[in-house]
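The structure appears below as structure tokens.
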Amino acid sequence: MLDKWDMRFLELAEHISRWSKDPSTQVGAVITHTRSKRVLSMGFNGFPAGVEDTEERLTDRGTKYEMVVHAEQNALMFAGERAEGATLYVHPLPPCARCAVLIIQSGIKRVVCDQPDFEHERWGEQARIADTMFRESGVEVDYRPPE
């Protein structure tokens, strides 16, 4: 069950997602200290620092996918060791399988995100794999139901 703090941090992740220059998918992530509710780190999807985010690169899906740093990855890199035992909030997509690997290895203990569409043509399989890995590794996952 999501509480008012969970909803606040999901709203913050939604706000941060708008900082992404990606024209098709804007994702935001927030890492918080579980007990104190303090923000430890934030991230959004985009190209690495110093790499030009030209319209040509952003609209060519193949190029973009090879160059983009996911919101979760950005937040984890900036959090460093502080991610151990923390909670990660992600909006609007759940973490992909590759991000789930990093989330688990970083020591994140809880992930809160929007309910994935496990049947979605492009993202469904990624969401299922990530969900399976989270549950096997003991990472708590709480999904916000669709409105």
Side-chain angles (χ1 to χ4, degrees), residues 2 4-34 37-84 86-135 137 139-147:
L2 302 183
K4 69 179 181 180
W5 284 102
D6 293 327
M7 298 307 290
R8 288 174 178 164
F9 289 130
L10 281 172
E11 288 172 9
L12 181 56
E14 180 177 6
H15 175 76
I16 292 164
S17 74
R18 293 192 287 270
W19 299 350
S20 171
K21 294 180 181 178
D22 188 325
S24 64
T25 308
Q26 296 179 314
V27 180
V30 177
I31 298 176
T32 66
H33 187 273
T34 302
K37 307 292 188 203
R38 291 189 177 140
V39 173
L40 301 173
S41 184
M42 300 178 288
F44 55 91
N45 59 311
F47 294 162
V51 174
E52 290 186 49
D53 44 11
T54 64
E55 183 178 348
E56 181 181 331
R57 289 175 174 175
L58 286 167
T59 56
D60 179 328
R61 188 166 293 198
T63 300
K64 178 178 71 173
Y65 284 174
E66 290 301 318
M67 297 176 77
V68 75
V69 180
H70 288 194
E72 302 93 325
Q73 295 167 339
N74 266 325
L76 288 168
M77 283 187 278
F78 292 114
E81 293 179 2
R82 296 176 303 155
E84 179 86 31
T87 299
L88 171 68
Y89 296 87
V90 184
H91 174 83
L93 299 171
C96 69
R98 295 309 311 153
C99 284
V101 168
L102 298 174
I103 292 163
I104 294 163
Q105 286 298 92
S106 74
I108 292 282
K109 291 298 177 198
R110 181 173 178 240
V111 174
V112 181
C113 60
D114 296 301
Q115 176 68 49
D117 176 1
F118 291 112
E119 303 305 316
H120 189 275
E121 181 180 335
R122 191 174 336 143
W123 305 116
E125 181 66 14
Q126 287 287 315
R128 276 193 299 280
I129 293 168
D131 185 78
T132 298
M133 287 192 292
F134 286 143
R135 295 182 191 285
S137 66
V139 173
E140 180 183 349
V141 182
D142 288 312
Y143 293 119
R144 174 170 58 177
E147 295 180 9

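Throughout, residue positions are numbered sequentially from 1 according to the sequence presented.
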Shortest non-hydrogen contact from Thr32 to Ala86? O-CB, 3.1 Å
Looking at OG of Ser17 and CG of Leu10, how far apart are the two atoms once the value is rounded to the nearest 0.5 Å? 11.0 Å
Greater than 12 external heavy atoms within 6.0 Å of Arg135's CZ: yes
Considering non-hydrogen atoms only, spot the tightest contact between Met42 and Phe78 and give its length. O-CD1, 4.4 Å
Check whether any side-chain N or O of Ser20 sits under 3.5 Å from a backbone N or O of Asn45 as a donor-acceptor pair, and report yes or no. yes
Can you classify the ring geometry of Tyr143 versus Phe118 as parallel (below 30°), tilted (30 to 60°) or perpendicular (above 60°)? perpendicular
Would you compute the distance between atom OG of Ser137 and atom NZ of Lys109 and round it to the nearest 0.5 angstrom? 8.0 Å
Looking at every heavy atom in both Glu119 and Arg128, which two are closest together, and how far apart are they? N-NH1, 4.3 Å
Does some side-chain heavy atom of Met7 sit less than 4.5 Å from a side-chain heavy atom of Arg144? yes
With distance as the sole test, does Gln73 use its side chain to make a donor-acceptor pair with the main-chain N or O of His70 at under 3.5 Å? yes
Taking everything shown except Lys37 itself, do over 12 heavy atoms lie less than 6.0 Å from its NZ? yes
Would you please test Ile16 and Val30 for side chain to side chain contact (heavy atoms under 4.5 Å, CB included) and show each step? CA-CA 8 Å; Ile16 292 164; Val30 177; 3.7 Å; yes
Distance (rounded to the nearest 0.5 Å) between Ile31 CD1 and Leu76 CG: 4.5 Å
I want to check something: taking the side chain as every heavy atom from C-beta on, are Val112 and Phe9 in contact at a cut-off of under 4.5 Å? no
Asp131 side chain reached by Pro116 side chain, heavy atoms, under 4.5 Å: no
With the side chain counted from C-beta on, respond yes when Tyr89 and Asp6 share a heavy-atom pair under 4.5 Å apart, and no when they do not. yes
Tell me the closest heavy-atom pair linking Gln115 and Pro146, and the distance in Å. CB-CD, 3.9 Å
Evaluate the side-chain proximity of Ile103 to Phe134: yes if any heavy-atom separation is below 4.5 Å, no if none is. yes
Enter the distance from Glu72:CD to Ile108:CD1 here, rounded to the nearest 0.5 Å. 10.5 Å
Working to the nearest 0.5 Å, report the span between CD of Gln126 and NE2 of His120. 12.0 Å
Should Asp53 and Arg57 count as an ion pair when the cut-off is N to O under 4.0 Å? no
Check whether more than 12 heavy atoms from other residues, nucleotides or ligands sit under 6.0 Å from atom CZ of Arg38, and answer yes or no. no
Would you give the length of the straight line joining atom CG of Asp114 to atom CD of Glu14, rounded to the nearest 0.5 angstrom? 8.0 Å
Residues Leu88 and Ala29: closest non-hydrogen pair is CD1-CB, 4.0 Å
Any side-chain heavy-atom pair of Thr34 and Arg110 under 4.5 Å: no
Hey, what's the ring geometry for Trp19 with His15, parallel, tilted or perpendicular (30° and 60° as the breaks)? perpendicular
Ala127 versus Pro94, closest heavy-atom pair with distance: CB-CG, 4.1 Å
Please examine the side chains of Leu93 and Trp123, heavy atoms only from C-beta on, and report whether any two atoms are closer than 4.5 Å. yes
